[in-house]
Amino acid sequence: MQDFKFDTMPSNTADQSPDSGTTAMSLKDTELTLGLPGGAQVVIVGGKSCSKRGYTDTVDFRSRCCSGESSAKAEQVDWPGNEISGPGNAPDSKAQVVGWPPVRSGRKKALKSCKYVKVAVDGAPYLRKVDLEVHRSYQQLLMALETMFDCFTIRRNDLEESKIMNPVNGAEYVPTYEDKDGDWMLVGDVPWNMFVESCKRVRLMKSSEAIGLAPRTPSCTSTT
Amino acid sequence: MPEPEVDTRRREIAGVLTGEFQSPSPDQVLENVLENVLLFLTSRRDRNAVSLVCKSWYRAEALTRSDLFIGNCYAVSPRRAIERFRRVRSVVLKGKPRFADFNLMPPNWGAYFTPWVTAMATSYPWLEKVYLKRMFVTDRDLELLAQSFPAFKELVLVCCDGFGTSGLAGIASKCRQLRVLDLIEDEVADDEVDWISCFPESGTCLESLIFDCIECPINFEALERLVARSPSLRKLRLNRYVSIGQLYRLMIRAPQLTHLGSGSFSSSDIVAQGDQEPDYISAFAACRSLVCLSGFREIIPDYLPAIYPVCANLTSLNFSYANINTEQLKSVICHCHKLQIFWVLDSVCDEGLQAVAATCKELRELRVFPIDAREDSEGPVSEVGLQAISEGCRKLQSILYFCQRMTNAAVIAMSKNCSDLVVFRLCIMGRHRPDHITGEPMDEGFGAIVMNCKKLTRLAISGLLTDKAFSYIGKYGKLVRTLSVAFAGDSDMGLKYVLEGCPKLQKLEIRDSPFGDAALRSGLHHYYNMRFLWMSSCRLSRQGCEEIARAMPGLVVEVIRNENEEDKDGFEILYMYRSLERPRIDAPEFVTIL
C-alpha cells in the first residue's frame with residue numbers, strides 16, 4: 001500500500017487578490033534557497049506559508065502567485081509608463097509594464113491554459129482531461145481530480161500524506177503518469193514543473209496493480 | 001473633382017441614356033479607350049500615379065477604380081471618397097494604429113465603421129467586398145451591410161471589435177451571395193445567438209469560413225449541416241469549442257478543404273473510456289488538397305500523429321497556440337519539406353528550431369511566439385535558434401522572434417545568410433537587454449540587418465540600443481516603411497537619424513524612448529509622406545506638439561491622456577496623421593486635437 005505524499009504549497013496561492021497583504025509571503029516566494037531536494041517542507045498556517053520552502057517551490061519562482069496576477073494586471077486598462085506592480089511582486093522582480101512584451105491579449109489568454117492531458121481511472125467509465133498549467137502543485141491537481149471523479153475522496157492524514165480512496169469499496173488508488181519517454185511513473189516524484197513538462201497522461205491506478213513502479217523514497221522527492 | 005467637369009460628364013451619360021446621343025469627340029474617344037485600359041490596372045500605386053497625369057486621366061482613373069484602399073479611416077471622409085470613386089466594388093479600411101492591440105490606446109478612441117457603411121449603403125449598391133482592420137464595428141453596422149448590398153460576397157474582419165454573434169447572424173441570413181466570412185483575431189461578443197444556423201438552408205456558396213477567434217460555443221450539428229451543403233468550401237477554421245471528434249466528422253464531409261483550422265484538437269471533456277476513437281489519420285489522409293493547417297488550441301499532443309499524412313504537402317503550419325515540446329515538434333516537422341509559413345511557440349526550444357532549419361528549406365516566414373509573455377520569463381529560445389534558422393532557411397523573407405537572450409553575432413549572421421529579408425522583427429522581452437555574451441548593445445546586429453538586407457521594408461527593434469543603432473537605420477534603411485521602437489535610444493539624435501534618413505518611412509511607432517520636441521521638429525519635411533506617427537511615454541511636451549500642429553495644417557495631431565490623469569495638460573500618447581479633412585468630431589474626451 002503506497003502512501004501518497006505531496007509537496008504541499010500554500011493552499012490559497014491561486015486565490016490571492018492583488019490587494020491582500022501578502023508581501024511577506026511574496027518575498028519568500030522569490031527567495032532562492034539551496035535546500036536539498038525534498039528536504040524542507042512547507043508548513044501551512046492559516047493558509048499562508050511561513051517557513052522553509054520545499055524543493056518544488058524554490059526551483060522555479062515564476063510559478064508563484066505573482067505570475068498569473070501580474071500578467072492579468074498587464075492587460076488592465078492602464079496607461080503607458082505606469083508600471084504596475086503585480087500582487088506579491090518582490091522588490092527585486094520587475095514590475096510588468098503595460099503592453100510589453102507586445103503580445104495581443106487574446107493570444108495571452110488563449111495560452112493561459114494549454115497543457116491538457118487525459119486522465120483515466122481504473123474502473124471509471126469515462127476519461128477526463130485536465131489542464132496541468134492551471135494548477136500549481138500536486139495538491140491542487142489532486143483536488144481537481146477529486147472534483148472531477150466524485151467517486152473519490154482524498155483523505156488527508158496529516159499535511160504531508162494523502163491517500164486517494166474510494167469510500168464505497170475501500171479501494172486505494174495511486175496516481176501515476178506516463179512521461180515523455182513512455183515510462184509510467186508515480187505522480188509526485190519529481191518537482192511540479194518537471195512533472196508538468198514531461199507528463200503525457202495520468203492514470204489513477206488501483207494500488208494493487210501499482211507494482212513495479214519505482215518505489216518512493218521516504219523523503220518526499222527524488223533527485224532528477 | 002472640379003464641378004463643371006462632373007456636370008459635363010453627367011450630361012454625356014444622360015445623353016446616352018435618353019437617346020440624345022451625339023458622336024463622341026476625339027477627346028471623348030481617348031477617354032473611353034483609357035477607361036477600358038485602366039480596367040486592367042489593379043495596383044493602387046500605379047493607379048495613384050495614373051491619376052496625377054492630367055485631369056482627364058484623373059477622371060478616367062476615378063471612374064474605373066473598383067478597389068478602394070484607405071489605410072487610415074480618418075485620413076479621408078466617406079463623403080470625399082465616395083464622390084471621387086463612384087464605382088467601387090471592394091473597400092479596405094484600416095482604423096486604429098497597431099499599438100492599440102497591446103492596450104496602449106484607451107478604449108472608445110474611435111475608428112467607427114458606422115459613418116462608412118452608412119455612406120456606402122446608398123452610394124455603392126454593387127459593393128461586393130469589405131475588409132476592415134482595427135475598426136469598431138457594431139451589430140447595426142453589420143445589419144445595414146447585410147441589407148444594403150445584394151451582391152455582397154466577402155466580409156473580412158481583422159482585429160475588430162464592437163460586434164457580437166447577433167451581428168453575424170444578420171450577415172449569415174441576409175447575404176445570399178456570401179462566399180467569404182473571415183473573422184481573424186476579433187473580439188466577438190457572445191450574444192447567445194446561434195448564428196451558424198442562420199445560413200440559407202438551400203445550400204451556400206461559401207468558400208471560406210473562418211471563426212477561430214470566437215470565444216463561445218457554436219451549434220455543432222448546425223455547422224455539420226452547413227459544411228455538408230457548402231460544396232465550394234475550401235477554407236474552414238474552427239474555434240476551440242470544436243473537439244477533435246467533431247473535427248473528424250467535418251473533415252470526412254469536406255475532404256476538398258485546402259485550409260483547415262483544427263479547433264481544440266483535444267477530446268471533449270468527457271470521453272467514454274474504451275470507446276473506439278475515430279481514425280483521425282485517415283481523415284487527414286483523405287484531405288489531399290490540404291496546404292494550410294492551424295488551430296490546435298487546446299492540443300492533447302497524443303493526437304499529433306494524425307496530421308502526418310498531410311505534412312508533406314503543407315505550405316503553411318500554425319502551431320502558435322499549441323503547447324508542444326521539442327520532441328513533439330520534431331515528429332511533425334521532419335515531414336514538412338514544402339513548408340513556407342511556420343508559426344510556433346517557443347516551447348519547442350532552440351532544438352526545435354534547429355529541426356525546422358534542417359528540414360524547411362523553402363521557409364519564407366517564421367514567427368516564434370512566447371508561451372510565457374512576461375519580461376522575466378525563462379525564454380526557451382535564444383540566439384542559438386536564430387542562428388540555426390539563418391543557416392538552414394536561406395529563403396527567409398519575414399521573421400518575428402520573441403526571446404530573452406540574443407547576440408549581435410546571430411543577428412549579423414541572419415543579415416548575411418538571409419539576404420531576401422523584407423520583414424525583421426526581433427523582440428527581446430527583457431527591456432534594455434544587451435548582447436548576453438558580450439554585454440554590448442544590440443546596435444551592431446540591427447545595423448547589419450539594415451545594411452545587408454537590401455529589400456527590408458519593415459523593422460522592429462528591441463534590446464539595449466543606443467543612438468548608434470538609429471544612425472545605422474537612417475543611413476542604410478532606405479526602403480524601410482514601417483519601424484517599431486520600444487525602450488531604445490539615448491537622445492533626440494536617435495529619432496533625428498531616422499526621420500532625416502529614411503525617405504520611405506510611412507508608419508513609425510515609438511514607445512518609452514527618450515525623444516523630445518527637437519527630434520519631433522526634425523521630421524517636419526516628411527510628415528505629409530507618412531501615414532502616421534505614434535509616440536508614447538517619450539519626452540514630448542504639449543508645446544512641442546502644438547508647434548507641429550501649427551506648422552502643418554494637413555496633419556491631425558492628437559494628444560491622448562490617461563483617463564485618470566488629473567493634469568489636463570499632461571498626456572501619454574502623441575498620435576498624428578495626415579488627413580484631407582478637418583479634425584474628427586467623434587473623438588472622446590481624453591483626446592485633444594491640437
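Hydrogens, waters and symmetry mates play no part in the numbers below; they use all other heavy atoms, side chains included. Computed from a predicted model, the values in this text were never measured in an experiment. By convention in this document, chain letters (A, B, ...) are assigned in the order of the sequence lines, proteins followed by strands, and residues within each chain are numbered from 1.
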* Any idea which of B:Ser484, B:Pro301, B:Ser267, B:Cys159 has the most non-hydrogen atom pairs under 4.5 angstrom with chain A? -> B:Ser267
* Which one, B:Ser320, B:Ser268, B:Ala486, leads in non-hydrogen pairs under 4.5 Å with chain A? -> B:Ser320
* Only counting residues at least two apart or in another chain, list the ones meeting ring pair (Phe, Tyr, Trp, His ring centres under 6.0 Å) with B:Phe515. => B:Phe470
Centre-to-centre under 6.0 Å for [X] and [Y], is that the case here?
X        : Y        : value
B:Phe319 : B:Trp343 : no
B:Phe590 : B:Trp109 : no
A:Trp100 : B:Phe102 : no

Quick check on [X] against chain A: is it the side chain, the backbone, both or neither that has a heavy atom closer than 4.5 Å?
X        : answer
B:Asp101 : both
B:Ile324 : neither
B:Leu345 : side chain
B:Glu185 : side chain
B:Phe99  : neither
B:Phe296 : neither

* Structure fact -> In terms of heavy-atom pairs under 4.5 Å with chain B, the winner among A:Lys129, A:Arg128, A:Arg201, A:Arg107 is A:Arg107
* For B:Arg405, all residues meeting salt bridge (Lys or Arg N to Asp or Glu O under 4.0 Å), sequence neighbours excluded -> none
* Asked: Should the pair A:Arg203-A:Asp122 be classified as a salt bridge under the 4.0 Å nitrogen-to-oxygen rule?
  -> yes
